[in-house]
**Q** 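Pasting a structure here, questions to come.
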Number of protein chains: 2
Amino acid sequence: MPKEQATKTLTCPVETTLKIIGGRWKVLIIHFLLNDTMRFGELTRSLNGISARTLSKQLRELEADGVVHRKDFGEIPPKVEYSLTPLGRSLEQVLLSMEAWGSTVEKQRTKRKSS
Amino acid sequence: MPKEQATKTLTCPVETTLKIIGGRWKVLIIHFLLNDTMRFGELTRSLNGISARTLSKQLRELEADGVVHRKDFGEIPPKVEYSLTPLGRSLEQVLLSMEAWGSTVEKQRTKRKSS
DNA sequence: CGGCATCCGACTGGATACTG
DNA sequence: CAGTATCCAGTCGGATGCCG
């Protein structure tokens, strides 16, 4: 039985960050959770096309890395809420700088196409 | 002949950034090139353990994405220098914020271990 | 509703050998 | 020196089906 374990520390903090947020849907998940606490089903609908297994895995990894908090209400029918930890919320600055840079790349590409 | 093509634009600028710098060695390559223009062999030695094929591929991708500039001197023996484009240099802010966040993660992990 | 188990295909990156 | 060609292994994420 493989116990969930947090991403291994690499030599460089930048790579640590990359390992944690580098998953296919992770920045999107974080993006949504920055606005709201959300349930599993809400996330499934927001992340158009993600499968339950994949969403589950990404969330467990984020949880293991201390970015996401999982609150299980232990009810029937099941109810689980996901939110960001303080560490997760502190990722906003990183995402903002990445978004700013990504935007300049996209602008540059548009210019190249029209030239 | 498979033409090198830049990473496809995704819905979100953050994912664009991730696609471009998400490769196994890319942030390290950028890190070194922020300090210096470097030759292929220098990079090989700096990135301990990377194979020629892998380094070549990562560099071509970074070049296709407009981050790295490749200058071939066309001499025998071959001499090629790699440097960052202005766009590549503008990544420094992104790497700094990622490094800052990654450091806090590592500190937190250390605390957890010692508790 | 919120998962987990199983199976699987695609992609990435590594090892090795060879070349202009 | 700076690659390319070939082959291969590990990982990631998707599809599907089942369950409490």
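Keep in mind the model is a prediction, meaning the values are calculated, not measured.
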**Q** OP1 or OP2 of C:dT12 sitting under 4.0 Å from any side-chain N/O of B:Trp25?
**A** no

**Q** Could you give the CG-to-C1' distance, from A:Asp72 to C:dC1, as a whole number of Å?
**A** 11 Å

**Q** Once you round it to whole Å, what is the distance between P of D:dC12 and CG of B:Leu18?
**A** 14 Å

**Q** How long is the span from the CD1 atom in B:Ile20 to the CG atom in B:Leu62, to the nearest 0.5 Å?
**A** 8.5 Å

**Q** Without decimals, in angstroms, what is the distance between B:Glu61 CD and C:dC11 P?
**A** 13 Å

**Q** Rounded off to whole Å, could you give me the CD-to-P distance for the A:Glu81 and C:dG2 pair?
**A** 10 Å

**Q** Rounding to a whole Å, what distance do you find between A:Glu15:CD and C:dG13:P?
**A** 12 Å

**Q** Apply salt bridge (Lys or Arg N to Asp or Glu O under 4.0 Å) to B:Arg70 and list each qualifying residue two or more places apart in sequence or on a separate chain.
**A** B:Asp72

**Q** Going by atom type alone, with no hydrogens or angles, which donor-acceptor pairs under 3.5 Å involve a side-chain atom of residues 28-36 of chain B and a protein atom two or more places apart or on another chain?
**A**
none

**Q** Side chains of residues 51-59 of chain B: which donor-acceptor partners sit under 3.5 Å, not counting sequence neighbours?
**A**
from: B:Ser51; atom 1: OG; to: B:Thr54; atom 2: N; distance (Å): 3.3
from: B:Ser51; atom 1: OG; to: B:Thr54; atom 2: OG1; distance (Å): 3.0
from: B:Gln58; atom 1: OE1; to: B:Trp25; atom 2: N; distance (Å): 3.3

**Q** Using every non-hydrogen atom in the two residues, find where A:Thr37 and A:Ser83 come nearest and quote the distance to one decimal.
**A** OG1-CB, 3.5 Å

**Q** Rounded at 0.5 Å granularity, tell me how far CE in B:Met38 sits from CG in B:Leu43.
**A** 4.5 Å

**Q** Please list, by residue number, the residues of residues 35-46 of chain A whose heavy atoms come closer than 4.0 Å to an atom of DNA chain C; answer none if no residue qualifies.
**A** A:Arg39, A:Phe40, A:Gly41

**Q** Are B:Asp65 and B:Arg60 within salt-bridge range, i.e. N to O under 4.0 Å?
**A** no

**Q** Can you list every side-chain hydrogen bond (donor to acceptor under 3.5 Å, both in side chains) pair that touches residues 89-99 of chain A, not counting sequence neighbours?
**A** A:Ser90-B:Trp101, A:Ser97-B:Ser97

**Q** The helix from C:dC1-D:dG20 to C:dG20-D:dC1: angle between its terminal axes, five pairs each, to 10°?
**A** 50°

**Q** B:Val27: what forms a side chain to side chain contact (heavy atoms under 4.5 Å, CB included) with it, not counting sequence neighbours?
**A** A:Val14, A:Glu15, A:Leu18, B:Ile21, B:Leu95

**Q** I'd like to compare against my own output: the B/S/- annotation of nucleotides 15-20 of chain D with a strict under-4.0 Å heavy-atom distance to protein.
**A** B----B

**Q** OP1, OP2 of D:dC1 versus side-chain N and O of B:Tyr82: anything below 4.0 Å?
**A** no

**Q** Could you check whether A:Phe73 gets within reach of a base, just the sugar-phosphate, or nothing at all, counting any heavy atom under 4.0 Å?
**A** nothing

**Q** Using a 4.5 Å cut-off on heavy atoms from C-beta on, say whether the side chain of B:His69 contacts that of B:Tyr82.
**A** no

**Q** For a quick check of understanding: with a heavy-atom distance under 4.0 Å over all strands, which category does A:Gln58 fall into, base, sugar-phosphate or nothing?
**A** sugar-phosphate

**Q** Let me know the distance between CZ of B:Arg24 and P of D:dC12, rounded to the nearest Å.
**A** 12 Å

**Q** From the set D:dA2, D:dG13, C:dC4, return the single nucleotide nearest to any side-chain atom of B:Arg70.
**A** D:dA2

**Q** Rounded to whole angstrom units, what separation is found between the CG atom of B:Leu55 and the P atom of D:dT4?
**A** 11 Å

**Q** Take A:Gly23 and B:Ser56, find for each the nucleotide of DNA chain D with the closest heavy atom, and name the residue whose nucleotide sits nearer the 5' end.
**A** B:Ser56

**Q** If you look only at pairs with a residue in residues 39-50 of chain B, which of them pass as a side-chain hydrogen bond (donor to acceptor under 3.5 Å, both in side chains), with sequence neighbours excluded?
**A** none

**Q** Answer yes or no: is there a side-chain heavy-atom contact under 4.5 Å between B:Val105 and A:Leu87?
**A** yes

